Amino acid sequence: MPRELSVLGILIPTILPVFFASLLLQGALDWVLSHAGVYRRLWHPALARLCLLVCIFGGLTAWLYR
C-alpha cells in the first residue's frame with residue numbers, strides 16, 4: 001500500500017482515509033450500541049466510545065499495513 005494518495009494533485013497520507021472510515025464505522029456501531037442500551041451499563045460511556053474508536057482504527061490500520 002502506498003504511503004501517500006494523490007487526491008486532485010494533493011498528497012495525503014493513506015492513514016487519513018482510514019481514520020475517516022473508522023469514524024464512520026464507530027458512528028454506526030455507536031448508534032447500534034446506544035439504541036441497544038449498552039452504554040447505560042457502562043461506568044464511563046465516553047471512554048468506551050473512545051476505546052471503540054481506537055480499536056477500530058487500530059484494526060483497520062493493521063489490516064491495511066499487513
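Bear in mind the structure is a predicted one, so any value in this text is a computation, not a measurement.
Hydrophobic clustering, with ILVMFWY side chains joined whenever heavy atoms are under 4.5 angstrom apart, groups L8 together with I12. The hydrophobic clustering, which links ILVMFWY residues whose side-chain heavy atoms are closer than 4.5 Å, places L23 and L33 together. L47 and L53 fall into different hydrophobic clusters, where Ile, Leu, Val, Met, Phe, Trp and Tyr side chains are chained together by heavy-atom contacts under 4.5 Å.
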Open item on the list: Applying side-chain contact (heavy atoms from CB on, under 4.5 Å) to F57 and Q26, what does each step give before you reach the verdict?
Closed with: CA-CA 9 Å; F57 181 63; Q26 195 269 342; over 6 Å; no
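To the nearest 0.5 Å, atom CG of residue L16 and atom CG of residue L5 are 9.0 Å apart. Put simply, CD1 on I15 and OH on Y65 are 5.0 Å apart, with the number rounded to the nearest 0.5 Å. Here the straight-line distance linking atom CG of L29 with atom CG of L52 works out to 5.0 Å at 0.5 Å rounding.
Side-chain N or O atoms of R41 include none that pairs as donor or acceptor with a backbone N or O of V38 at under 3.5 Å. Side chain of S22 to backbone of F19: a donor-acceptor contact under 3.5 angstrom is found.
Each of L25, T61, L24, V18 was compared with I56 under the side-chain contact (heavy atoms from CB on, under 4.5 Å) criterion, and only L25 meets it.
Taking both residues in full, the closest heavy atoms of Y39 and P45 are given as O-CG, 3.7 Å, listed atom of the first, atom of the second, then distance.
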